[in-house]
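Working notes, structure below.
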Amino acid sequence: MTQLPRPPYVQCEDVFKIHKTHELEVVALRGLDLAVAPGEVMAIVGASGSGKSTLLNILAGLDQPSAGRVRVGQRDLLTMNDQELVDYRRSEVGFVWQQTGRNLLPYLTARENVEVPQLVDGVDRRAAGARALELLAQVGLEEKAGHRPNQMSGGEQQRVAIAVALANQPPLLLADEPTGELDSATATEVFAALHALNQATGVTIIIVSHDRTITERVDRVVTMRDGRTSAEFVRRVTFGRERLAMEEFALVDRSGRLQIPREYVDRLHLGTRVRVEVQGDHVEVFPVTSDEERA
Ligand code: ADP
Ligand code: MG
């Protein structure tokens, strides 16, 4: 169940990103591993400052990692030159921002907004218009094609933004808190649109969110903590039951490192050292007593 059925489409290994500002250096990613299968709809969650946007900007080709390996399809994002990055951003990825205002041109209609990236790419006007209508229908907004952003709700604007992001048929869609400014009911419509497009085109979708209900909206959720992926929730179908359950896994990196959930660290007063013992088919972790800690 945790095994990916096909080779990953997105693969990050031991990725580091250091943001440098004046005299300050912030390590936003510290040894991050992540694999995403082609056609998957998955989410990345984590507290503010855990590195989610940094990771998404790297996958979008908007920023480059300081070290590590990042592959998307056949491309190596660390060795691409500027022109290759421009091509990558234009053909491989669509991006949806949290701020509805940042995704759309305010003086253009929904249809025109979806046409723009196609026209820039050299698609002729008629074909661009037809594709725009088709995409707007897929996100359930055919009847709003002639509306400008200020004549639409926040959720409708985000669905248009998804159509814009997919206008040139990129195989990867990245969305940074796409429902962060929306209420829950409206967010549900946005997720329905994402799933419909995933079903129709097989586009791989990575959503960053700090909304806890995201676990009910996607098949897999990866948690980030301190610049690394730390846990994973995978949807498990329980036969004979109405509800789908999410199964939680802690992630072990290639060096064997594992993050113990903070709740357990606090509850068992785990310090900087623990005792690890193999018990038959599993490993047990014991707190070190304060006497041993002092020794
Ligand atoms: P998240 O999206 O999970 O809130 P970010 O990736 O935005 O996290 O940020 C991770 C860390 O990197 C934070 O400490 C943040 O302040 C820092 N950071 C992010 N972008 C920059 C930047 N351009 N310059 C300096 N520091 C940054
Ligand atoms: Mg962010």
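Order of listing sets the numbers, starting from 1, for every ligand and every atom in it.
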Query raised in the report: Should the proximity of Thr54 to ligand 1, defined as any heavy atom under 4.0 Å, be assigned to the side chain, the backbone, both, or neither?
Result: both
Requested in this report: Kindly determine whether Lys17 and Ser66 satisfy side-chain contact (heavy atoms from CB on, under 4.5 Å), including the steps that lead there.
Outcome: CA-CA 5 Å; Lys17 176 65 187 183; Ser66 309; 3.9 Å; yes
Query raised in the report: Protein heavy-atom contact under 4.0 Å for atom 8 (O) of ligand 1?
Result: yes
Query raised in the report: Are Leu194 and Val203 close enough that some pair of their side-chain heavy atoms sits under 4.5 Å apart?
Result: no
Query raised in the report: Which atoms form the tightest heavy-atom contact between Leu133 and Ala145, and what is the distance?
Result: CD2-CB, 3.7 Å
Query raised in the report: For atom 18 (N) of ligand 1, which candidate among Lys17, His22, His19 provides the closest heavy atom?
Result: His19
Query raised in the report: Are the side chains of Val164 and Asn103 in touch, meaning some heavy atoms are under 4.5 Å apart?
Result: no
Query - Evaluation steps, side-chain contact (heavy atoms from CB on, under 4.5 Å), between Arg159 and Met152 - result: CA-CA 10 Å; Arg159 279 144 70 195; Met152 289 183 279; over 6 Å; no
**Report entry** Pairwise distance CG(Leu182) to CD(Gln158) - rounded to 0.5 angstrom
**Finding:** 6.0 Å
Query raised in the report: In terms of atom number and element, which parts of ligand 1 are under 4.0 angstrom from non-hydrogen atoms of Ala28?
Result: 10 (C), 11 (C), 12 (O)
Query raised in the report: What are the atoms of ligand 1, with element, lying closer than 4.0 Å to any heavy atom of Thr21?
Result: 24 (N), 25 (C)
Query raised in the report: Within 4.0 Å of atom 27 (C) of ligand 1 (strictly less), any protein heavy atom?
Result: yes
Report task. Identify the protein heavy atom lying closest to atom 15 (C) of ligand 1, giving its residue, its atom name and the separation to 0.1 Å. Result -> Val26 CG1, 4.5 Å
Query raised in the report: Would Asp121 and Arg90 pass as an ion pair if we require N to O under 4.0 Å?
Result: yes
Query raised in the report: Could a heavy atom of Ala47 be found less than 4.0 Å from some atom of ligand 1?
Result: yes
Report task. Only heavy atoms count here, so choose which of Gly49, Gly46, Ser53 is nearest to atom 4 (O) of ligand 1. Result -> Gly49
Query raised in the report: If you count the atoms of ligand 1 from 1 in the order shown, which ones are under 4.0 Å from a heavy atom of Ser48?
Result: 4 (O)
Report task. Indicate if the distance from the Mg ion (ligand 2) to the nearest N, O or S atom of Thr54 falls below 2.8 Å. Result -> no
Requested in this report: Run the salt-bridge test on Lys52 and Asp176 with the 4.0 Å N-O cut-off and return the result as yes or no.
Outcome: no
